[in-house]
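Worksheet: the structure to be examined is printed underneath.
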There are 4 protein chains.
Amino acid sequence: MASKKMEKHNLILDAALKVIAENGYHNAQVSRIAKEAGVADGTIYLYFKNKEDILISLFQKKLGDLVGQFHSSIKETDSADEALRKICEIHYTMLEQNVDLAFVTQIELRQSSLALRKEIGLVVKTYIELIEKMLRQGIEQGIFRANLDVKLTRLLVFGSMDEVVTSWLIAGRKYSLTAQVDKTVEFFIQGLKA
Amino acid sequence: MASKKMEKHNLILDAALKVIAENGYHNAQVSRIAKEAGVADGTIYLYFKNKEDILISLFQKKLGDLVGQFHSSIKETDSADEALRKICEIHYTMLEQNVDLAFVTQIELRQSSLALRKEIGLVVKTYIELIEKMLRQGIEQGIFRANLDVKLTRLLVFGSMDEVVTSWLIAGRKYSLTAQVDKTVEFFIQGLKA
Amino acid sequence: MASKKMEKHNLILDAALKVIAENGYHNAQVSRIAKEAGVADGTIYLYFKNKEDILISLFQKKLGDLVGQFHSSIKETDSADEALRKICEIHYTMLEQNVDLAFVTQIELRQSSLALRKEIGLVVKTYIELIEKMLRQGIEQGIFRANLDVKLTRLLVFGSMDEVVTSWLIAGRKYSLTAQVDKTVEFFIQGLKA
Amino acid sequence: MASKKMEKHNLILDAALKVIAENGYHNAQVSRIAKEAGVADGTIYLYFKNKEDILISLFQKKLGDLVGQFHSSIKETDSADEALRKICEIHYTMLEQNVDLAFVTQIELRQSSLALRKEIGLVVKTYIELIEKMLRQGIEQGIFRANLDVKLTRLLVFGSMDEVVTSWLIAGRKYSLTAQVDKTVEFFIQGLKA
DNA sequence: AATGAATGAGAGTTCATTCAT
DNA sequence: TATGAATGAACTCTCATTCAT
């Protein structure tokens, strides 16, 4: 029962992801999503409160999955630099492997309503706090500088990776995103200094 | 003649900036901008092709002014680390001093159409190339690592600063953005390493 | 068999009355009535042709009951003025004692479709004919004026009482409706004349 | 200027009256009213806040005109029975001469939303208060019984006439409404008594 | 007999853009 | 140049009804 309900729920979310990725946020009409999912327009509203609810659910689920990946991949026993590498690796790899998701999260959903962007903010916050935790561990482990402002640095780290992904998408995915992990991590750890 | 035309042109752009900052992108109707500018709706179309053209012009002009600031502030003779500091300082200070502009560029205009975002991309690209130039100089001057991937690193640097500004806005501007310059630059130069 | 069928039939009608009284005609969705009756949406359609059929049945049954009351209360041997008093008394008392029914008949069902209002008209007609009969008897008994236009007067009598009930409901039932019987009947019989 | 604006305002109101009278309240779509008025759908919203606003304006204006008729026709010097006759005469005659208006006020607008019905109530109240004033004068003049409950009686008088008009409409306007004035007034004044 | 998930037609409203003045 | 009244396409959501189980 519950699984059957969830099945159609996911069916609609997947359809929404595809439609937004292909047509852009502003051309993702409910009727188009319904058609892509193979259900009637009204059926959408049996599973979602309104259009915004679809988008919020989409973001929460897909990005929640992503954040889940981080949590399950990074062990407490990892050294902070290993953890940092894993974070960057998962971040780049996952989005490279799910281009639709990447487009939707990096480009399309950013055009959305205030309410949606607030929800997005909440999910992103979880991720940013994961980065912060990693930074704190690095300081405790003596691997990272003790005078780091972790609240600021977590933004610098997240913002860097986020910009790299967006730029890769906009430029047309002409190179491997995953191949940028090493250099990105090296920048974080070593900085620019000769 | 031409200057009179430019006067009203600017009048409309300033009105657009104010209206978007106050009401958000999705509530910035042409009629509202016209009212704020003190002209009739139709007059807008004597100076701009369509609504998108207003926004593109707005971004080009305001952000162009900003990029101009960078070019005039940074001298060829600056050492790369001095240049990097200036870049970050101007970036943070200018946006802290122009909150309307900050909101519009960081939050509101990102909800816009593909065409606008492409235009934004062009202006931002100029800035990113300035960062790249600074990085190259640093390498030549032996201040920055020779093995830097400048195409990647320029994104890491820009993305970091961009995220810090956005986060500062969303969080409600509860602290000084300019006060983050030192730690930001130190992160870029020293990295995380203990 | 038949009684079992009627049981659920009535169950649904009672649910409809309650739902309309509580939520108003425009918020009395079939699904809400089904829920109140404790049956599935589809079950409704085993007992009623469509939504309008529920409402028509509701009105016919409930108002039919009311009209039945009149017929059983008024004896052939009553003098016309006694009969008139009984009619008014039952009219006011029954609706005062069944506020839900009063709201539904006086306020909510009047917003309904043409077809329903025609059906309502038929039931009301029976009542109006009862009033007419009473008037004829009064004339025969020499109690009422011989030159009365009974077709017109029955409307004047019904319309008066109907308006009093509606006004009492709209004003918030702040006084006793039954207490208006004496003065109403006196108006009918004596008129305004000093 | 103002008159030009009012012209179109009235144009739309007249179109609404016609469309509602011809198609019924529930088939009076905004697009249909616009077409009847010979304007674009959007133009409607330059003159009215929303659909309900059209209907409220319609009722206020048309019924306001009617109530105005009463006030201008009835002189202070009229004896109460003359005034009563005038009220009934205007009531019946005006609606007989404006069948569209009669249909809309007696039948269609009663199916409308709560907000509209509240507005209708306000206009009707003015009329009912006029009836009350006439009754009070009759008592003062010694023409009407001193023991009349004017608050109740005004409803009896209004309800009677209202029902006669509605019945005349529903029955298909097969007889003259104006011809009912004499007998209606006689009923009010003399009552049923032989 | 009973269920309830699925259907899909239908309508009010906004707002960028035009064009007669 | 400037106006601003008029345009009309486009889209979300509701809910009575159906039908496979």
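Order of the sequence lines sets the chain letters (A, B, ...), proteins ahead of strands, with each chain counted from 1.
- DNA chain E is contacted by no residue of residues 10-18 of chain C, taking any non-hydrogen atom closer than 4.0 Å.
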* To do: Would you please test A:L58 and A:I20 for side-chain contact (heavy atoms from CB on, under 4.5 Å) and show each step?
  => CA-CA 11 Å; A:L58 176 60; A:I20 295 174; 4.1 Å; yes
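- Among the nucleotides F:dA16, E:dG12, F:dT3, the one closest to the side chain of B:A40 is F:dT3.
- Toward the 5' end of DNA chain F, the nearer of the two residues B:T43 and A:K51, judged by each one's closest nucleotide, is B:T43.
- For A:K8 and E:dA6, the shortest distance from a side-chain N or O to OP1 or OP2 is below 4.0 Å.
- Computed from coordinates, the A:I33 CD1 to F:dC11 C1' distance equals 12 Å when rounded to whole Å.
- Taking B:E22 as the reference, B:K18 meet the side chain to side chain contact (heavy atoms under 4.5 Å, CB included) condition, with sequence neighbours excluded.
- Looking at heavy-atom distances under 4.0 Å, A:F48 makes no contact with the nucleic acid at all.
- Under the salt bridge (charged side-chain N to carboxylate O under 4.0 Å, His left out) criterion, B:D14 pairs with B:K62, not counting sequence neighbours.
- Contact of the C:V123 side chain with the C:L66 side chain is not registered, since no non-hydrogen atoms from C-beta on lie closer than 4.5 Å.
- By the 4.5 Å heavy-atom criterion applied to side chains, D:T105 and D:L95 are counted as neighbours.
- Under the rule for a side-chain hydrogen bond (donor to acceptor under 3.5 Å, both in side chains), the partners of B:N23 that lie at least two apart in sequence or sit in another chain are B:R32.
- For C:Y45, there are no ring pair (Phe, Tyr, Trp, His ring centres under 6.0 Å) partners two or more places apart in sequence or in a different chain.
- Residues that satisfy the side chain to side chain contact (heavy atoms under 4.5 Å, CB included) test with A:L122, not counting sequence neighbours, are A:E119.
- With sequence neighbours excluded, the residues satisfying salt bridge (charged side-chain N to carboxylate O under 4.0 Å, His left out) with B:D65 are B:K61.
- C:N27 places its CG atom 10 Å from the P atom of F:dA16, with the value rounded to the nearest Å.
- Going from atom CZ of D:R32 over to atom P of E:dG10 covers 12 Å, rounded to whole Å.
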* Structure fact -> Output field dot_bracket for DNA chain E (Watson-Crick or G-U, both distances under 3.5 Å, | for other-strand pairs) contains .||||||||||||||||||||
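- Considering only residues two or more places apart in sequence or on other chains, C:K51 meets the salt bridge (charged side-chain N to carboxylate O under 4.0 Å, His left out) condition with none of them.
- Following rounding to the nearest Å, B:E7 (CD) and F:dT1 (P) show an atom-to-atom distance of 13 Å.
- Regarding D:Q29, its CD atom lies at a distance of 17 Å from the C1' atom of F:dG8, rounded to whole Å.
- Look at C:S31 and you won't find any side-chain N or O under 4.0 angstrom from OP1 or OP2 of F:dC15.
- The separation between C:L46 atom CG and E:dT3 atom P is 9 Å, rounded to whole Å.
- The NZ-P distance, from B:K35 to F:dG4, rounds to 12 Å in whole Å.
- Partners of C:D162 by salt bridge (charged side-chain N to carboxylate O under 4.0 Å, His left out), not counting sequence neighbours, listed by chain and number: C:R110.
- A search for side chain to side chain contact (heavy atoms under 4.5 Å, CB included) contacts involving B:L46 returns B:T43, not counting sequence neighbours.
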Please write out each protein N/O paired with an N/O of nucleotides 18-20 of chain F under 3.5 Å, distance rounded to 0.1 Å.
none

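- When rounded to the nearest whole Å, the span between CD1 of A:I44 and P of F:dC11 equals 15 Å.
- Mapping C:Y47 and D:A28 onto DNA chain E by nearest heavy atom places C:Y47 at the nucleotide closer to the 5' end.
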